[in-house]
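Start at 1 with the first residue, then count along the sequence.
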Amino acid sequence: MAHSHDHARRLMRELEPLLPEGAERVLDRPKYWDPRFFELFLEYAEELIYREPRFGLRIAETVLRLGHALPEEENPAGQRERQERLARAHGLVGVAYRVLSLLYEAEAEYRTALRFCRNGGVSRTCRADLLLKLAVLRGWQKRFDEALKIIAEVEGSLTRDKDESWLGRVYATRGAIYVRSCNFSEAVGELSKALGQCRLTRRVEYSATANLAYAVSETDDPRCLEIALGHLKRARQLAGPRRSVEKSTFFWIEGRIFVRRGSTERAEHKYRKALEGFVKFQTPYEIALVSLDLSSLLRFSKRWAELEELAAETYSRFRDLQEDTEALASLKLWLDAAQARTLSIEQISEIKAAFVERMRGQGVPSRAGRRR
């Protein structure tokens with residue numbers, strides 16, 4: 001017999017202080033082998049993925065193993081529930097890989113998750129959830145037309161439900177794809193619809209808010225920069241008091257806005273706050289990209305000693321965290337030019353562009369993906 005919701009919550013509260021190191025106990029102790037606890041554990045993992053991606057991947061993998069460990073019921077309803085649990089768990093691991101820029105691994109997990117959707121094996125909402133996650137992955141893979149086609153399919157399947165939260169997620173996802181494809185005016189329209197017309201979950205709301213801030217900050221109208229800063233402030237409030245990769249990204253975007261406003265001291269302060277967070281959570285591409293942005297400010301003011309130190313630390317951290325020889329070679333060029341004091345703003349821009357390509361289009365395997 002399944003646990004009550006209250007009992008499952010008590011188990012989750014008991015486990016949470018022991019995570020992530022104590023995650024394996026859910027596989028060893030039968031009291032955790034319960035569908036309601038599984039739901040709470042999956043929700044916890046999804047939140048953690050965005051806050052601390054490497055820990056999030058570890059917990060997501062444990063969620064998947066728990067999904068396999070739950071006793072299987074013989075009746076058709078029980079079998080469908082099991083299929084949906086496994087579909088959601090594979091989708092969760094796919095999200096964790098995508099957040100860590102491990103796009104090949106994410107693709108494999110989504111492919112497995114969607115196999116459970118065949119022949120009506122899962123609910124319509126579960127399938128819609130997986131498809132929207134897949135659309136985001138397609139955006140990271142620069143397969144923008146495919147992403148928009150998937151989103152349109154989901155929108156069509158949910159139209160008759162008139163569920164504002166689902167429509168809001170559709171608009172927010174489409175807006176995110178437009179941001180990634182640099183169609184900023186279309187992004188502003190979709191994200192404004194999501195935030196202005198729909199009831200959103202907290203996570204979707206602050207993701208949409210942050211994307212809207214970025215899209216607005218990329219327009220040519222200087223007045224939009226103030227609007228973007230307002231959106232970012234709202235996003236930080238929604239994210240709560242905890243430090244996270246997402247909040248570090250908000251600081252990074254703020255830094256870019258202050259650069260465009262000519263407030264270089266404030267920009268440097270925001271970049272350093274972002275870098276501090278990315279170092280804490282060991283996200284190698286973000287460490288490199290915000291360091292490259294910061295190096296432009298240091299180069300502009302000819303603070304060579306600080307620039308050399310930043311480049312050396314960034315090169316060392318990236319080498320320790322990520323097995324991407326092409327990206328590392330780009331960082332070595334940056335480091336060598338900084339040490340020779342020949343580095344130009346143009347070189348920094350070229351190296352950053354190459355890094356964005358590696359981060360968003362390659363899915364290079366890393367140490368984080370070799371534990372399985």
Q. If you measure from CH2 on Trp252 to OH on Tyr214, what distance do you get to the nearest 0.5 Å?
A. 8.0 Å
Q) Among side-chain atoms of Glu52 and Gln282, is any donor-acceptor pair under 3.5 angstrom? A) no
Q) Quick one: side-chain hydrogen bond (donor to acceptor under 3.5 Å, both in side chains) partners of Tyr206, sequence neighbours excluded? A) Arg203, Glu246
Q: Just jot down the salt bridge (Lys or Arg N to Asp or Glu O under 4.0 Å) partners of Arg98, sequence neighbours excluded, or say none.
A: none
Q. By side-chain contact (heavy atoms from CB on, under 4.5 Å), which residues pair with Arg115, not counting sequence neighbours?
A. Arg111, Thr112, Arg118
Q.
I'd like to know if the side chain of Gln83 pairs up with that of Arg80 as donor and acceptor (distance under 3.5 Å, no hydrogens or angles considered).
A. no
Q. What do the steps show when you test Arg85 against Glu39 for salt bridge (charged side-chain N to carboxylate O under 4.0 Å, His left out), and what is the final call?
A. CA-CA 9 Å; Arg85 277 197 299 270; Glu39 290 290 324; over 6 Å; no
Q.
Tell me whether Glu306 is salt-bridged to Arg272, with the criterion being a basic N under 4.0 Å from an acidic carboxylate O.
A. yes
Q: Taking only Lys NZ, Arg NE, NH1 and NH2, and the carboxylate oxygens of Asp or Glu, determine whether Arg138 and Glu107 approach each other closer than 4.0 Å.
A: yes
Q: Look up atom CG in Leu137 and atom CG in Leu131, then write down how far apart they are to the nearest 0.5 Å.
A: 12.0 Å
**Q.** Partners passing side-chain hydrogen bond (donor to acceptor under 3.5 Å, both in side chains) against Arg82 (at least two apart in sequence or in another chain)
**A.** none
(Q) Per the salt bridge (Lys or Arg N to Asp or Glu O under 4.0 Å) rule, what does the pair list look like for residues 344-356, sequence neighbours excluded? (A) Asp293-Lys352
Q: Examine the side chains of Asn211 and Tyr178 and answer whether a donor and an acceptor come within less than 3.5 Å of each other.
A: no
Q) Is there a salt bridge (charged side-chain N to carboxylate O under 4.0 Å, His left out) between Arg256 and Glu218 once you walk through the steps? A) CA-CA 10 Å; Arg256 296 176 71 250; Glu218 288 295 316; 2.9 Å; yes
Q | Point-to-point distance, once rounded to the nearest 0.5 Å, from CZ of Arg234 to CG of Leu212 | A | 12.5 Å
Q. Excluding sequence neighbours, so at least two apart, what forms salt bridge (Lys or Arg N to Asp or Glu O under 4.0 Å) with Glu276?
A. Arg243
Q: Might you work through the salt bridge (charged side-chain N to carboxylate O under 4.0 Å, His left out) test for Glu254 and Arg236, ending with a clear yes or no?
A: CA-CA 11 Å; Glu254 282 185 290; Arg236 283 204 312 274; 2.7 Å; yes
Q.
Using a strict threshold of under 4.0 Å (side-chain N to carboxylate O), is an ion pair present between Glu155 and Arg174?
A. yes
Q: Determine, for Tyr171 and Lys193, whether the Lys NZ or Arg CZ falls below 6.0 Å from the six-membered ring centre while staying within 45 degrees of the axis.
A: yes
Q) Between atom CZ of Phe250 and atom NE2 of His231, what is the distance when rounded to the nearest 0.5 Å? A) 12.5 Å
Q) For the atom pair CG (Leu100) and CG (Leu103), what is the distance rounded to the nearest 0.5 Å? A) 10.5 Å
Q. Above 12 or not: heavy atoms from other molecules or residues under 6.0 Å from CZ of Arg266?
A. no
Q) Is Arg169 paired with Asp129 through a side-chain N to carboxylate O contact shorter than 4.0 Å? A) yes
